[in-house]
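In what follows, a single structure is set out as C-alpha cells and then discussed.
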Amino acid sequence: MLMRRLTPENGKADLAEAYAYPPCLDRPWVRANMVASADGAATWEGRSGGLGGDADRHLFLYLRGLADVILVGAGTVRAEGYGPARPHPSWEGLRTGRPETPAIAIVSRSLDLDFTAPIFTEAAPDARTIVLTVRDADPDRLRAAREHAEVIQLGRAGCDFASAFERLAGMGHRRVLCEGGPHLLAQVAAAGMLDELCLTVSPVLASGNAPRVLDGTVLPPAARLRLAHVIEDSDDAGFLFLRYVRSR
C-alpha cells in the first residue's frame, strides 16, 4: 500500500518512523485510532468498518503491530465482531522481544460479554484477553469472566482509567492503542489520559445522527492538539491520515 506524506515534508511515508511510540517509555502512552467521514460521522450503518478502505485497513493493522495492548469498549466488541489480534506480514521486526500479538483489553461495566466467542477462546496464551470492569460487578458474571480472561477491577461508577493504564503498564503494556468506540474514547480523553489521536478522514458524506469520534462526555476544557503529520492515500482513493499529539 503506497502512501505519501504531505506534512511536515512531501515524500513516501515510512510508517515505522511516522507512527513510532516515544522511546524508553516510563509511563503508559495512550494512542487512539479512529475513522470519520468527511462530515464527521464515526460510523456508517452502526459500524466504523463501513467508512474504511484498503489503506485505512493497512494502517489499522500496522498500528496494532506497534501496540502492546488494544483497548476497546464492550459495545464495539459486539458491534464489530471483534476477535483476538492475529499476526500480520507487515509486523515483521515490529514485535521483537514481545508476544507475537498484542492483547485485547475490553472495558465493560456490566460484563455483558459472550465468553464463548473467539476473542476469549482463541486468544494466544501470552496475549490473553483482559477485561476491565468495576469493583461491584455482578458476582456471577465476574466469575465467568475470570474463567476466560484476565480481570482487572477498578472504580465503582465507571472505569478509573488512570489506574487502569498503570495496571496495564505493570503487565508490560505501556504502548496502548484505543480503538474505541466513541463513548469509550470520550471517557479516556475526559480522564486526561489520551496522548495522541490517529484520525483517518474517509472521503464520504454520511449525514444522519452518527456519533463523532468522541461522543457522550464533555471535556472541560477542550484539549489542545498538535498536528504531527498528514499522510494521503497515493492510490487516489481520497483518504487522509492525520496524527495529532496532545499539547501538555
Quiz item: Quick check, are the ring centers of Y62 and H88 under 6.0 angstrom apart?
Solution: no
I want to check something: taking the side chain as every heavy atom from C-beta on, are [X] and [Y] in contact at a cut-off of under 4.5 Å?
X    : Y    : value
F161 : P28  : no
L194 : C178 : no
V213 : L199 : yes
M171 : V69  : no
R64  : L177 : yes
L132 : L71  : yes
D138 : L111 : no
P182 : M34  : yes

Practice problem: Taking side chain to side chain contact (heavy atoms under 4.5 Å, CB included) as the test, write out the residues that go with R212, two or more places apart. | Solution: none
Quiz item: Linking I/L/V/M/F/W/Y whenever any side-chain heavy atoms sit under 4.5 Å apart, do L25 and L66 land together?
Solution: yes
Practice problem: Decide whether L227 and V201 are clustered together by the hydrophobic rule: side chain heavy atoms of Ile, Leu, Val, Met, Phe, Trp, Tyr closer than 4.5 Å, transitively. | Solution: yes
Which pairs with one or both residues in [range] pass side chain to side chain donor-acceptor pair (under 3.5 Å), sequence neighbours excluded?
range            : value
residues 102-116 : D114-T116
residues 162-177 : D68-R175, D160-S163
residues 196-211 : W29-E196, R31-E196, D56-T200, E196-R243

Exercise. Would you confirm whether W91, through its side chain, and L61, through its main-chain N or O, come within 3.5 Å as a donor-acceptor pair?
Key: yes
Self-check item: Q153 side chain to V134 backbone, donor-acceptor under 3.5 Å
Solution: yes
Self-check item: side chain to side chain contact (heavy atoms under 4.5 Å, CB included) assessment of W44 paired with V204
Solution: CA-CA 10 Å; W44 174 261; V204 299; 5.7 Å; no
Can you see which heavy atom on [X] is nearest to which on [Y], and at what distance?
X    : Y    : value
R27  : D195 : NH2-OD1, 3.0 Å
E147 : R128 : O-NH2, 3.3 Å
V72  : L184 : C-CD2, 3.4 Å
G181 : T76  : N-OG1, 2.8 Å
A41  : A210 : CB-CB, 3.7 Å
A67  : P102 : O-CB, 3.5 Å

Quiz prompt | R95: salt bridge (Lys or Arg N to Asp or Glu O under 4.0 Å) partners, not counting sequence neighbours | solution = none
Practice problem: Under the side-chain hydrogen bond (donor to acceptor under 3.5 Å, both in side chains) rule, collect the residues that match up with R86, sequence neighbours excluded. | Solution: E122
Quiz item: Once you round to the nearest 0.5 Å, how far does CD of E232 lie from CG of L242?
Solution: 11.5 Å
Quiz item: Does atom CD of E92 have more than 12 heavy-atom neighbours from other groups under 6.0 Å away?
Solution: no
Quiz prompt | Criterion side-chain contact (heavy atoms from CB on, under 4.5 Å) against I130, the qualifying member of L168, I106, I70, I104 | solution = L168
Self-check item: Residue pair I231, Y19: steps toward the side chain to side chain contact (heavy atoms under 4.5 Å, CB included) verdict
Solution: CA-CA 11 Å; I231 294 174; Y19 289 98; 4.1 Å; yes
